[in-house]
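Beneath this line is the structure, given in structure tokens, with notes to follow.
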Amino acid sequence: MNVQINDCTIRDGGYLLSKNSSEEFVSGVVSGLLDAGIDIIEIGFLQNTFNGESIVYRNSACARKYIPPNVLGTRFTGFCDYSRFSIENLDECDGNSFIYLRVSFAKHEAKKALKFISEAKKKGYRVFVNPMDAPSYSENERSGLISAVNDIKPYAFSIVDTFGTMFLDDLQRIYTQTDEELDNSIRIGLHSHNNLQLSNALAEMMIDLAIKSNRDIVVDGSLYGMGRGAGNASTEVLADYLNKKQGKNYDIGKLFSTIERYIIPCQKSTPWGYDLPMFICGTLGAHVDNIYYLEKNITCNAKNIYEILSLLEPEKRKRYGVNYLKTDFSALDEAYEQYKAKARK
């Protein structure tokens with residue numbers, strides 16, 4: 001049984017910086033993670049279209065500028081939303097850039113996304129299958145997806161808590177089913193968000209479950225939990241846990257130095273982490289953009305936000321329907337009007 005840490009600071013934290021992190025930031029974080037011995041570093045986004053953002057790439061060759069020649073045991077991964085990147089734009093994996101590729105997709109996109117994943121594997125990448133919103137799958141839906149994944153045999157199949165809604169018993173249930181049905185050669189991954197202040201607890205539980213089932217796993221974190229909204233599990237906490245419980249040898253001091261130099265200064269201008277609005281996202285299963293929209297367009301407190309979002313149907317809170325790429329808040333506007341009308345009575 002082996003545990004790898006995949007650090008998402010540059011990619012997930014990059015949302016806070018409009019995907020346009022400075023070269024100093026990216027290079028500094030990469031250097032610190034390499035020095036600390038972190039297993040995998042997520043280097044940014046693959047997209048068909050972009051406006052010159054520093055961590056958005058057309059292919060793996062574009063990401064080489066951030067990958068030093070001597071990376072010791074650390075490897076890099078690229079990330080793409082299936083619907084935002086075409087397989088035709090993915091170059092062959094030559095080992096000189098990222099060798100892992102994480103592919104995210106919504107439930108209704110699964111069939112086409114798995115075809116994309118199969119093609120990416122043929123190009124030499126170790127592919128992570130990252131279906132969004134794991135708690136939304138029924139047991140039968142998950143079984144069907146796992147069966148299709150077993151035919152492809154990717155590097156990993158991830159449990160993704162897109163909206164930060166999972167409790168510990170949810171993870172135990174989903175992990176147990178996944179472990180029982182997934183081919184033994186495929187790792188199980190975990191990517192969580194800290195809306196319920198459980199990201200690190202979920203990661204530690206996943207490690208303990210993997211020990212019992214003798215399954216290789218990959219747990220995601222970011223330095224200081226840096227990520228959009230409530231943020232993520234903290235890489236430094238995961239590394240310390242694995243040092244103490246699994247005999248790993250991550251350099252915690254190097255992580256501290258990197259956090260103090262590059263991450264904490266970012267938090268002053270682009271805050272993230274647990275607060276009441278982010279808790280509301282977690283407890284209602286709502287996309288963080290709903291919060292940003294309400295805070296920008298109306299004056300409201302946490303109670304108002306909770307009551308407005310409660311008026312939306314669960315799927316509309318997520319904005320991951322058929323047209324989820326289109327930023328359309330008309331349903332939220334309607335909920336706000338209902339809320340005002342109700343308040344006037």
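- Of the possible polar contacts, none joining the R317 side chain to the G285 backbone as a donor-acceptor pair under 3.5 Å is found.
- Here the side chains of I259 and I264 are in contact, with some heavy-atom distance below 4.5 Å.
- Contact record, G221 with T235: C-OG1, 3.0 Å, taken as the closest heavy-atom pair.
- Aromatic ring orientation, F25 versus Y262: perpendicular (interplanar angle above 60°, classes split at 30° and 60°).
- Using a 4.5 Å heavy-atom threshold, the side chains of S54 and E23 count as separate.
- With rounding to the nearest 0.5 Å, the separation of CD1 in I55 from CZ in F50 is 12.0 Å.
- L196 contributes atom CG, which lies 5.0 Å from atom CZ of F167 (distance to the nearest 0.5 angstrom).
- At a threshold of 4.5 Å between non-hydrogen side-chain atoms, the residues D39 and T74 do not count as touching.
- Between the side chain of K121 and the backbone N or O of I152 there is at least one donor-acceptor pair closer than 3.5 Å.
- In this structure, N195 contributes its side chain and A230 its backbone to no donor-acceptor pair below 3.5 Å.
- We find the NZ-OG distance between K115 and S118 to be 9.5 Å, quoted to the nearest 0.5 Å.
- Scanning all heavy atoms of the two residues, the minimum distance from G44 to Y57 falls at CA-CE1, 3.7 Å.
- For the pair N51/N20, no side-chain contact is recorded, criterion being any heavy-atom separation below 4.5 Å from C-beta on.
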Is there a salt bridge (charged side-chain N to carboxylate O under 4.0 Å, His left out) between K112 and E109? Walk through the geometry before answering.
CA-CA 6 Å; K112 291 181 179 179; E109 298 171 327; over 6 Å; no

Does K318 form a side-chain contact (heavy atoms from CB on, under 4.5 Å) with S136? I'd like the steps, not just the answer.
CA-CA 11 Å; K318 298 177 181 180; S136 73; 3.7 Å; yes

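- Side-chain atoms of D183 and S185 include a donor-acceptor pair closer than 3.5 Å.
- Looking only at distances, a side-chain donor or acceptor of N304 sits under 3.5 Å from a matching main-chain atom of N301.
- Contact annotation: the side chain of F163 never approaches that of P135 to less than 4.5 Å [non-hydrogen atoms, C-beta and beyond].
- No more than 12 heavy atoms of other residues, nucleotides or ligands sit less than 6.0 Å from atom OH of Y224.
- A donor-acceptor pair under 3.5 Å links the side-chain atoms of H287 to the main chain of D289, judged by distance alone.
- Of all non-hydrogen atoms in A63 and I43, the two that sit nearest each other are CB-CG2, 4.2 Å.
- Minimum heavy-atom separation, S199 to S192: OG-OG, 3.0 Å.
- Taking the ring centre of F128 as origin, the terminal cationic atom of R102 falls inside the region bounded by 6.0 Å and 45° from the ring axis.
- When the side chains of ILVMFWY residues are joined at heavy-atom separations under 4.5 Å, either directly or via intervening members, V218 and I159 end up in two distinct hydrophobic clusters.
- To the nearest 0.5 Å, atom CD1 of residue I186 and atom CG of residue N150 are 5.0 Å apart.
- Under the 4.5 Å side-chain contact rule for hydrophobic residues, F98 and V26 share a cluster.
- By the 6.0 Å contact criterion, CZ on R261 is open, its count of non-hydrogen atoms from other residues, nucleotides or ligands being 12 or less.
- Hydrophobic cluster membership differs between V127 and Y100, with clusters built from Ile, Leu, Val, Met, Phe, Trp and Tyr side chains linked at under 4.5 angstrom.
- Between atom CD of residue E181 and atom OG1 of residue T176 there is a gap of 11.0 Å, rounded to the nearest 0.5 Å.
- Although no hydrogens or angles enter the test, the distance criterion places a donor-acceptor pair under 3.5 Å between the side chain of N200 and the main chain of S234.
- The environment of CD in E92 is crowded: more than 12 heavy-atom neighbours from other residues, nucleotides or ligands sit within 6.0 Å.
- No option in R58, R84, K19, E53 other than K19 meets the side chain to side chain donor-acceptor pair (under 3.5 Å) test with Q47.
- The nearest pair of heavy atoms linking S158 to N130 is OG-OD1, 2.9 Å.
- Side-chain atoms of Y175 and S213 include a donor-acceptor pair closer than 3.5 Å.
- Proximity of a side-chain donor or acceptor of Q177 to a complementary backbone N or O of E139 within less than 3.5 Å is detected.
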List the steps and the verdict of side-chain contact (heavy atoms from CB on, under 4.5 Å) for N194 and W272.
CA-CA 10 Å; N194 204 33; W272 66 85; over 6 Å; no

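- When the side chains of ILVMFWY residues are joined at heavy-atom separations under 4.5 Å, either directly or via intervening members, I67 and V29 end up in a single hydrophobic cluster.
- Smallest separation of non-hydrogen atoms from V30 and I10: CG2-CD1, 3.5 Å.
- Test D12, T9, D161, D7 against N232 for side chain to side chain donor-acceptor pair (under 3.5 Å) and you get one pass: D12.
- The local environment of CG in D169 is crowded, with over 12 non-hydrogen atoms from other residues, nucleotides or ligands closer than 6.0 Å.
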Apply ring pair (Phe, Tyr, Trp, His ring centres under 6.0 Å) to residues Y15 and F45 and explain how you reach the verdict.
CA-CA 10 Å; Y15 283 118; F45 302 84; 5.1 Å; yes

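- In this structure, the side chain of K248 engages the main chain of V3 through a donor-acceptor pair within 3.5 Å.
- Ion pairing between K244 and D240 holds under the 4.0 Å rule for side-chain N and carboxylate O.
- Taking the six-membered ring wherever Trp is involved, the centroid distance between the rings of Y250 and Y241 does not fall below 6.0 Å.
- If you chain together hydrophobic residues whose side chains sit under 4.5 Å apart, I5 and V160 never meet in one group.
- Results of the side chain to side chain donor-acceptor pair (under 3.5 Å) test with R64 over D94, N59, N96 single out D94 as the only residue that passes.
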Kindly indicate, with the supporting measurements, whether the criterion side-chain contact (heavy atoms from CB on, under 4.5 Å) is fulfilled by V129 and F105.
CA-CA 9 Å; V129 178; F105 56 91; 3.7 Å; yes

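- Residues L223 and L33 form a side-chain contact, since some pair of their non-hydrogen atoms from C-beta on lies under 4.5 Å apart.
- Taking the side chain as every heavy atom from C-beta outward, L90 and E119 never approach each other to under 4.5 Å.
- Relative ring orientation between Y339 and Y336 is described as parallel, the plane-to-plane angle staying below 30° on a 0-90° scale split at 30° and 60°.
- Judged by a 6.0 Å distance limit and a 45° cone about the ring axis, K107 is positioned over the six-membered ring of Y137.
- Atoms CG and CG, from L198 and L171 in turn, are 10.5 Å apart once rounded to the nearest 0.5 Å.
- Using a 4.5 Å cut-off on side-chain heavy atoms (C-beta onward), L284 and S310 make contact.
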Would you please test I207 and K245 for side-chain contact (heavy atoms from CB on, under 4.5 Å) and show each step?
CA-CA 10 Å; I207 293 165; K245 302 295 185 179; over 6 Å; no

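- In this structure, the side chain of Y292 engages the main chain of G229 through a donor-acceptor pair within 3.5 Å.
- Side chain of D81 to backbone of S83: no donor-acceptor contact under 3.5 angstrom is found.
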